[in-house]
Amino acid sequence: MNIFRLVGDLSHLLAILLLLWKIWKTRSCAGVSGKSQIMFGLVYITRYLDLFTNFISIYNTTMKAIFIAVAIATIYLIYFKFKATYDSNHDTFRMEFLIVPVGGLAFLVNHDFTALEILWTFSIYLESVAILPQLFMISKTGEAETITSHYLFALGSYRALYIVNWVYRYYFEGFFDLIAIVAGCVQTILYCDFFYLYVTKVMHGKKLSLPA
Amino acid sequence: KDYIKDKDEL
């Protein structure tokens, strides 16, 4: 464990708790893409299947359990409890356009052709594009609530910090996982224009609004 | 590959 990965994990945890809190407090999931949340749920379930089979550390197990629980709770709030506030007209990104190619790629490009490894690879690839429906929804509505932009900033920062973690681990531990690194770079690049808008607008107290 | 070691990241 290194500081970059720890801060990254905490940023990730902050992001998902921020989103859950926003929906619960405002009793509304307006501006939130349910499709992205479903895909994140899929990411955690397929990646943390080893939650009960191999124990790595208390921290690892606890975080995995929290990520899965919060993802399921968020999906529940969006599609059941506050379903009336779910903006399905703007959350129109076709998930199958992401899940099918990612599933195929996981079969073709992986470290080990075993079920667990292919599911882990699928999870890594899916996570890199899971935010697209959310970014697409913001581009359609033309704006995002400030709390939602904080959620996106924390979520985007987590994988950016993981990239620094991988550089650190490469130089100090000689460890690197090309699949995770390439997917992590793609994932972070997708946030770039959002990061630019966040820094230039939200940081100056303005509302995040895309140029119409 | 030592599966467990490599998969210590979240």
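Just so it is clear: chains get the letters A, B, ... in the order the sequence lines come, proteins before strands, and each one is counted from 1. Just the heavy atoms: all of them, side chains too, but no hydrogens, waters or symmetry mates, feed the values below.
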What distance separates B:D8 CG from A:Y59 OH, expressed to the nearest 0.5 Å?
11.0 Å
Step-by-step side chain to side chain contact (heavy atoms under 4.5 Å, CB included) determination, A:N165 to B:E9:
CA-CA 10 Å; A:N165 150 66; B:E9 294 186 347; 3.1 Å; yes
Give, as side chain, backbone, both or neither, the part of A:Y44 having an atom under 4.5 angstrom from any heavy atom of chain B.
neither
side-chain contact (heavy atoms from CB on, under 4.5 Å) test vs B:L10 passes for just one of A:R47, A:M63, A:H12, namely A:M63
May I ask you to check whether over 12 heavy atoms, not counting those of A:L108, lie within 6.0 Å of atom CG?
yes
Given heavy-atom pairs under 4.5 angstrom as the criterion, report whether the side chain, backbone, both or neither of A:N60 touches chain B.
both
Could you go through residues 188-198 of chain A and list every donor-acceptor pair under 3.5 Å that involves a side-chain atom there, pairing it with any protein atom two or more places apart or in another chain?
from	atom 1	to	atom 2	distance (Å)
A:T188	OG1	A:G184	O	2.8
A:Y198	OH	A:H150	ND1	2.7

Thinking salt bridges, do A:E117 and B:K7 make one under a 4.0 Å N-O criterion?
yes
